[in-house]
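What follows is one structure encoded as structure tokens, with my remarks underneath.
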Amino acid sequence: MAAFDPWDPAFLADPYPAYAELRANGRVQYFEPTNQWLVPHHADVSALLRERRLGRTYQHRFTHEDFGRTAPPAAHEPFHTLNDHGMLDLEPPDHTRIRRLVSKAFTPRTVEQLRPYVTRLAGELVDRLVAEGGGDLLTDVAEPLPVAVIAEMLGIPEADRAPLRPWSADICGMYELNPREDVAARAVRASVEFSDYLRELIAERRKNPGDDLISGLIAAHDEGDRLTEQEMISTCVLLLNAGHEATVNATVNGWWALFRNPDQLAELRADHSLVPRAVEELMRYDTPLQLFERWVLDEIEIDGTTIPRGAEIALLFGSANHDPATFPNPERLDLTRADNPHISFSAGIHYCIGAPLARIELAASMTALLEKAPTLSLAQEPQRKPNFVIRGLEGLSVEVM
């Protein structure tokens, strides 16, 4: 069996056999290289995402010293200031306050109103790909669609959008396990540059409000729903990063899976009504976010093993989504799978606020490619990004005959 080794290229190419070994070995296992407890089973991951003895942060209750942890290096401070004020890394009451404000932009009605814009933009991107006879599905379709949508929602002018994806990629490098110092340096630089840009944009929106999310957050603050400027900046960065990273990687991981399973691709091409189920199955089959971390705020017990306060738990989404106790024949891509409780969008209070929008984007790009590029084929085998936590490809070269 394959070993769990998140830095081994063979593991990164296909981590799922190693996950099967982890599941066979028990419900929780200590992993010394990252000083984490690995949780590989769907039932446990799902339950622990809702467990209030765990938290995305501990700083609302403990100092680093109280918690038995070392403070991050001073040189990394810009990244942590940005990251630690976003709702993904906050616990109630701050998480509740910020999410309540942001959720107004992600109501079912608001998201549904975006569908025509998303559908039109996906069609235009695919039209250009077809006109060129193919290209890189990552840079030509997968990236520009969700970046444009979330930038439009935030009110970021089109002329300012070029650095958004590079900033996001550099910041997200810090979410990998034990990131190298050069990765940290890029994340810090991107955090500073992105924050400086948003500070200027927020100042401009204060003077000239528009019909966008940043203007809405400013108005809510002025009406008494307090959001500090740092919380506003961190929220915008989180929405941009989370609002496209998963969608981009789900798109290219999904099409790469379809090309490797031609019977399923043929079934999808013959019946476009399968698209909604296909979106869910492809997110389960090759999960864009493989791991989500939680701090143990009060000791818990898993299958007779006591996990002490101050420990860190790694919830293995990729493994949970391939657990045969929940998914029959989990290693089989099945676009007709009806019962599909995958946890690719997390669960509990940190459930992805943009999940309905991500589903619209994924369905729009898939439908456009099926309708406008029915002969879409793989031009060359892709390279995996050398990342574990955020799973994606360096590119996906395709042809349209």
Side-chain angles (χ1 to χ4, degrees), residues 15-16 19 22-23 27-28 36-58 60 86-100 102-103 106-108 111 175 235 238-239 241-243 245-247 249-250 253 276-277 279-298 300-303 307 311-327 330 337-362 388-391:
Y16 299 103
Y19 291 151
L22 282 177
R23 292 190 301 270
R27 290 171 54 194
V28 63
Q36 292 174 319
W37 293 87
L38 306 178
V39 176
H41 289 265
H42 185 279
D44 290 325
V45 171
S46 182
L48 291 173
L49 285 168
R50 299 168 172 85
E51 173 58 66
R52 299 311 301 141
R53 287 173 293 176
L54 305 182
R56 281 291 295 170
T57 182
Y58 54 79
H60 60 309
M87 62 181 172
L88 184 61
D89 281 79
L90 290 171
E91 291 296 311
D94 289 329
H95 172 273
T96 310
R97 171 174 53 86
I98 297 174
R99 189 176 178 108
R100 184 177 65 247
V102 175
S103 65
F106 289 92
T107 64
V111 170
Y175 303 138
T235 296
L238 172 63
L239 290 174
N241 291 355
E245 281 290 344
T247 309
N249 292 316
N253 288 349
R277 282 190 182 180
V279 165
E280 303 303 319
E281 174 68 350
L282 290 166
M283 289 201 73
R284 179 203 71 82
Y285 184 75
D286 202 7
T287 311
L289 181 68
Q290 291 279 308
L291 174 153
F292 214 43
E293 295 156 332
R294 288 286 193 276
W295 296 106
V296 181
L297 305 177
D298 296 296
I300 62 170
E301 184 178 295
I302 302 174
D303 197 27
I307 314 295
E312 191 175 28
I313 287 181
L315 304 173
L316 299 176
F317 284 15
S319 176
N321 283 342
H322 279 245
D323 187 345
T326 302
F327 304 97
R337 192 182 296 271
D339 185 17
N340 195 344
H342 69 78
I343 52 171
S344 301
F345 289 119
S346 191
I349 67 168
H350 291 291
Y351 179 77
C352 177
I353 199 169
L357 179 58
R359 287 184 164 109
I360 287 174
E361 292 170 345
L362 290 166
F388 165 54
V389 175
I390 299 176
R391 180 169 173 78

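Quick note: residue numbers are just sequence positions, from 1. Note that the structure is predicted; figures quoted are calculated from it, not measured. Both backbone and side-chain heavy atoms feed into the values below; hydrogens, waters and symmetry mates do not.
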To the nearest 0.5 Å, what is the distance between [atom1] ([X]) and [atom2] ([Y])?
X      : Y      : atom1 : atom2 : value
Asn253 : Thr287 : CG    : OG1   : 8.5 Å
Cys352 : Ile343 : SG    : CD1   : 13.5 Å
Trp295 : Leu54  : CH2   : CG    : 12.0 Å
Leu282 : Asn340 : CG    : CG    : 10.0 Å
Leu238 : Asp89  : CG    : CG    : 8.0 Å
Arg53  : Glu301 : CZ    : CD    : 9.5 Å

Considering all heavy atoms, the nearest [X]-[Y] contact:
X      : Y      : answer
Ile300 : Leu48  : CD1-CD2, 4.0 Å
Ala314 : Gln36  : CB-OE1, 3.9 Å
Val111 : Pro356 : CG1-C, 4.0 Å
Leu362 : Ala250 : CD2-CB, 3.9 Å
Ser346 : Leu49  : OG-CD2, 3.6 Å

Task: Phe106 six-ring face occupied by Arg99 cation (under 6.0 Å, within 45°) - done: no
Sorted by chain and residue number, the side-chain contact (heavy atoms from CB on, under 4.5 Å) partners of Pro330 (sequence neighbours excluded) come out as Arg284, His322, Pro324, Phe327
Sequence neighbours excluded, the answer for side-chain contact (heavy atoms from CB on, under 4.5 Å) partners of Pro92 is Arg52, His95, Thr96, Ile349
So the salt bridge (Lys or Arg N to Asp or Glu O under 4.0 Å) pairs with at least one residue in residues 346-357 (sequence neighbours excluded) are none
Salt bridge (Lys or Arg N to Asp or Glu O under 4.0 Å) pairs touching residues 337-347, sequence neighbours excluded, are Glu281-Arg337
Once salt bridge (Lys or Arg N to Asp or Glu O under 4.0 Å) is applied, do any residues pair with [X], and if so which ones, sequence neighbours excluded?
X      : value
Glu312 : none
Arg50  : none
Arg359 : Glu280
Glu293 : none

[X]: partners by side-chain hydrogen bond (donor to acceptor under 3.5 Å, both in side chains), with sequence neighbours left out:
X      : value
Asp286 : Tyr16, Arg384, Arg391
Arg27  : Asp44
Ser344 : Asn321, His342
Thr107 : Thr110

Beyond-backbone contact of [X] with [Y], side-chain heavy atoms, under 4.5 angstrom:
X      : Y      : value
Pro288 : Glu245 : no
His60  : Asp94  : no
Val39  : Leu316 : no
Leu315 : Leu291 : no

Any donor-acceptor pair under 3.5 Å from [X] side chain to [Y] backbone:
X     : Y     : answer
Arg56 : Leu88 : yes
Glu91 : Tyr58 : no
Ser46 : Ala43 : no

In Asp303, Leu22, Asp323, Ile302, the residue satisfying side chain to side chain contact (heavy atoms under 4.5 Å, CB included) with His41 is Asp323
List the steps and the verdict of side chain to side chain contact (heavy atoms under 4.5 Å, CB included) for Leu38 and Val28.
CA-CA 6 Å; Leu38 306 178; Val28 63; over 6 Å; no
